Amino acid sequence: MITMKDIIRDGHPTLRKVAEEVSIPASKEDKQILESMMEYLINSQDPEKAEKFELRGGVGLAAPQINVPKRMIAVHAKDENGQQFSYALFNPKILSHSIEKSYLTGGEGCLSVDEAIPGFVPRNARITVKGIDLDNNEVKLRLKGLMAIIFQHEIDHLNGVMFYDHINTEAPYTPVENAIPID
Ligand SMILES: CNC(=O)c1cccc(C)c1Nc1nc(N2CCN(c3ccccc3Cl)CC2)nc(N2CSC[C@H]2C(=O)NC)n1
Ligand code: NI
């Protein structure tokens, strides 16, 4: 199982690389890696396991964060309405996005960044994503709200982008121009 010692931290070169496409159909090994990423998220949200294995809570994880420069992400989160989302995708791609922006009013955290970095992270409010799931099916998702934020954060990792790259350092808490705040 993945624990925090497998998660590379800011400054490790792999976090700034552009990850490689996974050849489809995915190999047994790539499937095992993506399943272990999903398992991490689920374990990290279980108070007993998180405490026992000292796991930091996360709702999203990208393969470069475990030093695997491949285009794979896992998302396991409840949206604003409490609906459970659980997606493990190979080669996720943003097909289109809204002009409108949104941001987490609490700022963003990342399992690869140990300290909190204050500031609003402006992101597209709505996105359409396609990818391949663990059963080799093509998946197309129209996302908004918290899910859209998480997917953009994880897909950024596949392109060597960190959340704080988007923060306006002069004024980190300037409310993003007519953007939708997400609490
Ligand atoms: C610095 N300010 C903040 O962290 C922050 C502060 C307030 C509000 C928000 C909204 C913030 N922001 C933020 N909070 C989260 N979590 C809240 C805690 N939770 C969690 C923790 C423990 C058990 C179970 C769970 Cl569910 C895990 C998820 N996650 C992300 N991100 C950014 S997109 C990828 C995602 C991620 O998984 N990061 C590790 N951002
Ligand atoms: Ni991250």
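Counting starts at 1 for both ligands and their atoms, in listed order. Quick caveat, the model's predicted, so the values are computed rather than measured.
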Report task. Name the closest protein heavy atom to atom 25 (C) of ligand 1, giving the residue it belongs to and the distance to 0.1 Å. Result -> Gln45 CG, 4.3 Å

Query raised in the report: Right, does atom 6 (C) of ligand 1 have protein non-hydrogen atoms nearer than 4.0 Å?
Result: yes

Report task. Identify the protein heavy atom lying closest to atom 34 (C) of ligand 1, giving its residue, its atom name and the separation to 0.1 Å. Result -> Glu154 OE2, 3.6 Å

Query raised in the report: Please state which protein non-hydrogen atom is closest to atom 1 (C) of ligand 1 and give its distance, to 0.1 Å?
Result: Glu108 O, 3.3 Å

Query raised in the report: What orientation do His153 and His157 show, parallel under 30°, tilted 30 to 60°, or perpendicular over 60°?
Result: perpendicular

Report task. Can you sort out which atoms of ligand 1 are near Gly60, meaning under 4.0 Å from one of its heavy atoms? Result -> 37 (O)

Report summary line: Ranking Ile149, Val59, Thr105, Leu41 by closest non-hydrogen atom to atom 28 (C) of ligand 1, top hit is Val59

Report summary line: The closest protein heavy-atom partner of atom 23 (C) of ligand 1 is Ser44 O, 3.9 Å

**Report entry** atom 18 (C) of ligand 1 protein-contacted, heavy-atom criterion under 4.0 angstrom
**Finding:** no

Report summary line: Here the gap from Cys110 atom SG to Glu115 atom CD, rounded to the nearest 0.5 Å, amounts to 10.0 Å

Query raised in the report: Does the side chain of Asp10 pick up a donor-acceptor pair with the side chain of Ser112 at under 3.5 Å?
Result: no

Requested in this report: Indicate whether atom 12 (N) of ligand 1 is within a distance of less than 4.0 angstrom of some protein heavy atom.
Outcome: yes

Query raised in the report: How many degrees, to 10°, between His157 NE2 and His153 NE2 as seen from the Ni ion (ligand 2)?
Result: 110°

Query raised in the report: Any idea which protein heavy atom is nearest atom 10 (C) of ligand 1, and the distance to it?
Result: Leu104 CD1, 4.0 Å

Report task. Ignoring hydrogens and angles, state whether a donor on the side chain of Asn159 or Arg71 is under 3.5 Å from an acceptor on the partner side chain. Result -> yes

Query - Check: Gln65 side chain, Leu15 main-chain N or O, donor-acceptor pair, under 3.5 Å - result: no

**Report entry** Gly58 neighbourhood, listing ligand 1 atoms whose heavy-atom distance to it stays under 4.0 Å
**Finding:** 27 (C), 37 (O)

**Report entry** Exam field: side chain Ser44 to backbone Gly58, donor-acceptor pair closer than 3.5 Å
**Finding:** yes

Query raised in the report: So is there a nitrogen or oxygen of Ile150 less than 3.5 Å from a nitrogen or oxygen in ligand 1?
Result: no

Requested in this report: Check whether any side-chain N or O of Asp135 sits under 3.5 Å from a backbone N or O of Asn137 as a donor-acceptor pair, and report yes or no.
Outcome: no

**Report entry** Within 6.0 angstrom of Glu35 CD, more than 12 heavy atoms from elsewhere
**Finding:** yes

Report task. Report the part of His153 (side chain from C-beta onward, or backbone N, CA, C, O) that has a heavy atom under 4.0 Å from ligand 1; answer both or neither where that applies. Result -> side chain

Report summary line: Judged by heavy atoms only, the candidate from Gly106, Gly109, Pro47 nearest atom 2 (N) of ligand 1 is Gly106

Query - Salt-bridge criterion met for Glu100 and Arg126 (N-O under 4.0 Å) - result: yes

Query raised in the report: Should you measure from each heavy atom of Gly57, which atoms of ligand 1 turn up under 4.0 Å away?
Result: 21 (C), 22 (C), 27 (C), 39 (C)

Requested in this report: Would you kindly say whether Ser98 and Asn124 are connected by a side-chain donor-acceptor distance under 3.5 Å?
Outcome: no

Query raised in the report: From Thr128 OG1 over to Leu141 CG, what is the distance, rounded to the nearest 0.5 angstrom?
Result: 9.0 Å

Query raised in the report: Is at least one protein non-hydrogen atom found at under 4.0 angstrom from atom 32 (C) of ligand 1?
Result: yes

